[in-house]
Structure formats: structure tokens, C-alpha cells
Amino acid sequence: AIVYSSLINGFCSSGRLKEAVRFFDEMVGRGISPCVVTYNSLIHGFCQLDLLKEAARIFDKMVGQRISPDVVTFTVLIYCLCKKGKVGEASELFEMMIRLGNQPNEVTYTSMIYGLCLVGRLDEAAEMFNSMVERGLEQNIKSYNTLINGYCKGRAIEGAMLLFRELHEKGLKPTTFTYTTLIGAFCQAGRVKTAKKLWNEMQNCGLSPNLCTYSVLLDGLCKIGHIEEAMDVFKSMKTADLEGNVEIFSILIDGMCRANKLEEARKLFDEISKKGMVPD
RNA sequence: CUCGUAACAAGCUA
């Protein structure tokens, strides 16, 4: 059953659901009983493809087989609903799992925080975040990142910065995700100086910017018309052993077009193909 | 006390 679960999970993660389902049927046919993990993997697979109805069917099937859903089952469904902006339904599931004796964990909470932020209910997200402590759960770096991102997207950078300081006080270490979120937010707010300060700070802390980090900074620089600076940063990627991907190029090309440097844009465009990438 | 499943960051389009 574990071998099958791994296989099913592998195929689900690559979006090859059909084959995963075939393995599922095959295991059942051979008299091997799927367990919670098998079901969870399938449910997750369907959720990732936005096939919520199908996911619900699998859920019913597992209950029919007297397999009790566990924290992961509920969390997967909650996350999926949250991602689609259906926080209301997610909250119902959240309550239901507690009634059924499954205690939400850090992941469940983070999913709820994510969902609440997505629909702009920042206060409730913060409440959720605070209630983790009462539940005896650790407000870990991922939950911080999620809420920080929520504040940033909700144009509440100052609130995000408060959280950023708070996490330090708790002895937590910010990650590249944390910095990428904040750098992006400051760029969008036109505060590129502060963004660059964070950019330097993260490297002093031993964190390396990755493609996402470069992309938010490049986007910020391009949007305020600092094309030269953006190109310098872009060149510095090479020294960091990072190859630009299509997103990076599209940011730069967009920047060049905005600045009316169409020839430069074309050069960058040609570079995409030279690298064997496909423009989208 | 062996194994498998879930959460956070990036681009264009009045």
C-alpha cells in the first residue's frame, strides 16, 4: 500500500491524474486497501487541477470505506477552497474538523490565513494567526510569511514590517520568501531605496536572492524607469550563477518597451531563444 | 520505534 501511495502521489504531483487513478484501481483490484495517505494524495491531485467536485467524490468514497479523514485530508481541502477564494466554505470545514476531533495544525492555520488574506480580510487573518498561540501551535516562519504577504498585498506595508520585526524578536529567521515578499512590496510602493536596503540585508544574513527575488526587484526597477540599474542587476545574476528564465526576460522586455528601447527589447527577445527557452 | 500525503514569494493585457 505504501508503494502504491508513493506512486499515486508521484503521478498526482506531476498532474498525471489519469495514471494515478489507474494505479488506484489496480491496487484495489489486487486486494490492497488504500489508506488515508493514498486518499489524501488523490484528493490533493484533484484539488491541484481545480477538480473540486471530483475531490469531494474521493472524500465521500473514503468515508464510505470507513477510512477516517485526518488533519491532512481536511487541510488539503481547506487550502484548495481558500485558493479559490471560498473562505466561507473553508471555515465550515475548519469548524467541522474540530467537531470531528481533528485538531487543526500549523499548516491548516496557515492555509486559512492565506485564504483570508486573499479576499482582503486581513483583520480576521491576523486573528487566526494570533489564535494559533492559544491552540499551542507555533507561529512558524511560513505562517509569518503568509500573513506578511497578506499585509503587503493589502497595501499595509507598515503592518508587514511590524511582523517582520516581531519574528526576529521571537528568534525566528526570515527566509528568502520573507525578503522577496517585502522587497516586492516596497518596490511596488515606489520605495526602491528601502527595497535595496532589504536586498543587501538579506545577503548579509547569508540568504541568496533566487529567481523570484531578482524578478521582484527587476520589476520594481523597470517600472520606475531605472532600466540601466535593472540591467546591471540582471548582469549580476550571471555572477551569482543564475540564468534568467522567461519571467525575468519578460520583465526586462516590458521595461525596455515602456522606455521605448525597442531594439534592446528585441535583443533580449532573441536571447531567450538562444538559451533554448520558449517565449510565452 | 522503520515508510508515503498538505501551507508562504515573481512577469504582460484600458
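- Rounded to whole Å, the distance from CG on Leu81(A) to C1' on A6(B) is 14 Å.
- Residues passing the ring-ring contact (aromatic ring centres under 6.0 Å, His included) test with Phe177(A), sequence neighbours excluded: none.
- The distance between atom CD of Gln103(A) and atom C1' of A6(B), rounded to the nearest whole Å, is 17 Å.
- Residues satisfying the ring-ring contact (aromatic ring centres under 6.0 Å, His included) criterion with Phe164(A), sequence neighbours excluded, are His168(A), Tyr179(A).
- Applying the ring pair (Phe, Tyr, Trp, His ring centres under 6.0 Å) rule to pairs touching residues 248-273 of chain A yields Phe234(A)-Phe249(A), sequence neighbours excluded.
- Ion pair Glu26(A)/Arg30(A) flagged as a salt bridge, since at least one NZ, NE, NH1 or NH2 atom sits closer than 4.0 Å to an Asp/Glu carboxylate oxygen.
- Nearest nucleotide to the Thr75(A) side chain, out of U5(B), A6(B), A7(B): A6(B).
- Residues Tyr79(A), Leu118(A) make up the rest of the hydrophobic cluster containing Tyr114(A), defined by ILVMFWY side-chain heavy atoms closer than 4.5 Å, directly or through other members.
- Distance CD1 (Ile43(A)) to C1' (A6(B)): 11 Å, rounded to an integer number of Å.
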* For nucleotides 9-14 of chain B, just jot down a letter per nucleotide in 5' to 3' order: B, S or -, based on protein non-hydrogen atoms under 4.0 Å. => BBBSS-
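- Judged as a ring-ring contact (aromatic ring centres under 6.0 Å, His included), and not counting sequence neighbours, the contacts of Phe94(A) are Tyr109(A).
- Regarding Asn105(A), its CG atom lies at a distance of 12 Å from the P atom of A6(B), rounded to whole Å.
- One finds no salt bridge joining Glu19(A) and Arg22(A) here, because no Lys/Arg side-chain nitrogen approaches an Asp/Glu carboxylate oxygen to under 4.0 Å.
- Contacts between residues 3-20 of chain A and RNA chain B, defined by a heavy-atom separation below 4.0 Å, involve Ser5(A), Ser6(A), Asn9(A), listed by number.
- A salt bridge does not link Lys84(A) to Glu89(A): none of the charged nitrogens lies less than 4.0 Å from a carboxylate oxygen.
- Remark: Tyr4(A) engages no residue in a ring-ring contact (aromatic ring centres under 6.0 Å, His included) (not counting sequence neighbours).
- For the contact set between residues 130-146 of chain A and RNA chain B, defined by any heavy atom under 4.0 Å, the members are Asn140(A), Lys142(A), Asn145(A), Thr146(A).
- Within residues 45-61 of chain A, no residue has any heavy atom closer than 4.0 Å to RNA chain B.
- A salt bridge links Glu228(A) with Lys261(A); the closest basic N to acidic carboxylate O contact falls under 4.0 Å.
- Taking 4.0 Å as the cut-off between side-chain N and carboxylate O, Asp219(A) and Lys223(A) count as a salt-bridged pair.
- Sorted by first and then second residue, the salt bridge (charged side-chain N to carboxylate O under 4.0 Å, His left out) pairs involving residues 242-256 of chain A (not counting sequence neighbours) are Glu243(A)-Lys275(A), Asp254(A)-Arg258(A).
- Looking at heavy-atom distances under 4.0 Å, Val76(A) makes contact with sugar-phosphate atoms alone, never a base.
- Distance NZ (Lys83(A)) to P (A6(B)): 12 Å, rounded to an integer number of Å.
- Listed by first and then second residue, the salt bridge (charged side-chain N to carboxylate O under 4.0 Å, His left out) pairs involving residues 105-122 of chain A are Arg121(A)-Glu124(A) (not counting sequence neighbours).
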